[in-house]
Every structure is written in structure tokens, then in C-alpha cells.
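Before any comments, here is the structure.
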Amino acid sequence: MSTNTDTVADRFVTAGAQIDPLTALTALALVAALGFTLLFLQDPLAHDALHDFRHGAGIVCH
């Protein structure tokens with residue numbers, strides 16, 4: 001039986017030591033791009049585009 005007393009703060013410190021700035025910047029840019037897309041593209045438009053793509057790829061979705 002092992003006792004693990006890692007806290008969330010410990011995990012942030014560990015992640016900060018293992019993740020280089022370029023990776024962190026890339027992740028932040030990805031999150032920002034997804035947020036921008038969801039905010040300004042609007043969900044119904046994105047849903048319809050993905051739906052049409054699935055049909056165009058020959059995937060039956062309903």
C-alpha cells in the first residue's frame with residue numbers, strides 16, 4: 001500500500017519543470033484558437049459544417 005500525498009500545487013510545479021516554454025505557448029495558442037472558433041463561428045454553423053463533412057466523407061451519421 002502506497003500513500004500518495006501529491007497535491008495539485010505539486011503537480012503544477014512538476015509540470016512547470018517538465019514543459020518547455022514553446023510547448024506551453026503552443027498549447028495556449030491552441031486553446032485560444034479553439035475558444036475564438038467556438039465564440040465567433042457559433043455552434044450551429046460548426047455543427048452543420050462537421051455534419052456535411054461526415055456525409056462528404058461517406059460516413060453515415062443518422
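- Between atom OG1 of residue T23 and atom CG of residue L28 there is a gap of 12.5 Å, rounded to the nearest 0.5 Å.
- When atom types are taken as modelled, the side chain of T14 and the backbone of D10 share a donor-acceptor pair closer than 3.5 angstrom.
- Legend: ring-ring contact (aromatic ring centres under 6.0 Å, His included) pairs involving residues 17-39, not counting sequence neighbours, sorted by first then second residue: F36-F40.
- The OG1 atom of T26 sits 11.0 Å away from the CD1 atom of I19 when rounded to the nearest 0.5 Å.
- Distance check: D48 CG to F53 CZ gives 15.0 Å after rounding to the nearest 0.5 Å.
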